[in-house]
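To start, the structure itself, in structure tokens.
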There are 2 protein chains.
Amino acid sequence: MMQGKPSTPARRSDATRTAILEAARERFAADGYERATIRAIAKHANIDPSMVMRYYGNKEGLFAAAVSIDLKLPDPASLSRDDAGRTLVTHFVDMWEKNEVLTALLRVGATNQAGAERMRGIFADQLLPVARRACPDPEQAPARAALVSSQLLGLALTRYVLRFPPSVALAPEEIVAWLAPTVQRYLTAPYPA
Amino acid sequence: MMQGKPSTPARRSDATRTAILEAARERFAADGYERATIRAIAKHANIDPSMVMRYYGNKEGLFAAAVSIDLKLPDPASLSRDDAGRTLVTHFVDMWEKNEVLTALLRVGATNQAGAERMRGIFADQLLPVARRACPDPEQAPARAALVSSQLLGLALTRYVLRFPPSVALAPEEIVAWLAPTVQRYLTAPYPA
DNA sequence: TATCGTTGCCAACAAGCGTTGACCAACAAC
DNA sequence: GTTGTTGGTCAACGCTTGTTGGCAACGATA
């Protein structure tokens, strides 16, 4: 997820290591933290449970390694202030559709301390800078970013986690059409109160 | 939660029973389904774990008894179509602020099959009828209700479960001011397509 | 060929889980 | 007072969990 140079000299066990990570992501996404047991993950990856411990230390270490995520949000500098809403929503739906790591993170964040902490970090490091650039008064950025995240994560929750049928049935374009104005307003509309 | 007439003749163990339910709600809300162990719930209520089994059969039964919830949504018939958004948001914030059952349900729904099923039931039985009355074309009610729930549950997620600091910091009136127009639009604005 | 670190499998551990059944104390009916 | 029902305690069960250490096979180096 974040190794550009071959600082690590290509171990013979790399195949096993990535197999474990893939299985872990799948199980965390489907079951959450507690029910995704190391034994189940190992069986899913066709390896021995003890290998997980050798390569990732313990279950927390495995989780940390499995769900390191870069939202790849557009560069705040190059973001047009007028269609920031549409851009953000489109990008989010894309990410969620193809990347099960996000579902894993949301499921775990709901019941696990470390998972929630990780989500707060992503919020602060990745979404907040965008809001800081897109909204008029930087001092309002945290509140506006929180509103944006409530709508985006709420959609993810009802669509990918709780699976409300009408939410699952929405076409990506419909989602963008409905949510883009909301996000746009949260970012740029004058503060009510 | 739903006994109007004294069909049950007031057992001597009622105090214990409700103490268990209260402790269960608290633990489910704080820890989710798996980590809220029967032993922890029992200790919290100062009773023996075996009493939980005697009175509620098993852990699933306890959960079902602990999180039966009535959203007490306003009667769809008496709902003014013009400020349905504000009414709904105000009502939701009120409920979430005072009732930890909702947090318990959301936490459990994220990782537990039965919990998610319960949330889908509440959505279909309680929110959908309101949408059916408030939106122009009844055929669009499911999609519109899904959008409304995505925003409302998203706020609950970031505020009460993940506890994003800026989301926690929002005053109830701010929440209403920002979210009411969103919900109103999801209910009554012409379908974009 | 001998050596040594790496990779993998296996069996086991202690702890915690949901759940059960035997047993005692308090009360109600007769 | 005796009897039967109810409320509550205690100890244990079978099972799963995360985690550990020993041991055999492999691959490169010498």
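In what follows, every chain begins at residue 1, and chains take the letters A, B, ... in the order their sequences are listed.
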* Residue-level proximity of residues 45-55 of chain B to DNA chain D when a heavy atom falls under 4.0 Å ->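 Correct list: B:Asp48, B:Ser50, B:Met51, B:Arg54, B:Tyr55.
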Among [options], the one nearest [X] by side-chain distance:
X       : options                : answer
A:Arg11 : D:dT17, C:dT7, C:dG8   : C:dT7
A:Thr16 : C:dA12, C:dG8, C:dG18  : C:dG8
A:Arg12 : D:dC26, D:dG18, C:dT19 : D:dC26

* Asked: Step by step, would you call B:Tyr160 with B:Glu97 a side-chain hydrogen bond (donor to acceptor under 3.5 Å, both in side chains)?
  -> CA-CA 9 Å; B:Tyr160 303 104; B:Glu97 284 294 331; 2.7 Å; yes
* With a 4.5 Å heavy-atom cut-off, do A:Leu153 and A:Trp96 have their side chains touching? ->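 A side-chain contact under 4.5 Å exists here.
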* Asked: Given C:dT6, is OP1 or OP2 found less than 4.0 Å from the side-chain N or O atoms of A:Ser13?
  ->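 No, no such contact exists.
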* Please evaluate the base of C:dG16 for a donor-acceptor partner in the side chain of B:Arg39 within a cut-off of under 3.5 Å? => no
* Has B:Arg86 got more than 12 heavy atoms of other residues, nucleotides or ligands less than 6.0 Å from its CZ? -> no
* Asked: Counting heavy atoms not belonging to B:Arg120, are there more than 12 under 6.0 Å from its CZ?
  ->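 Count over threshold, so yes.
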* A:Arg27 side chain to A:Ala40 main-chain N or O, any donor-acceptor pair under 3.5 Å? ->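 Here the side-chain-to-backbone pair does not exist.
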* Can you list every ring-ring contact (aromatic ring centres under 6.0 Å, His included) pair that touches residues 58-79 of chain A, not counting sequence neighbours? -> A:Phe28-A:Phe63, A:Tyr33-A:Phe63
* Nearest whole angstrom, please: distance from the C1' of C:dC17 to the CG of B:Leu62. => 15 Å
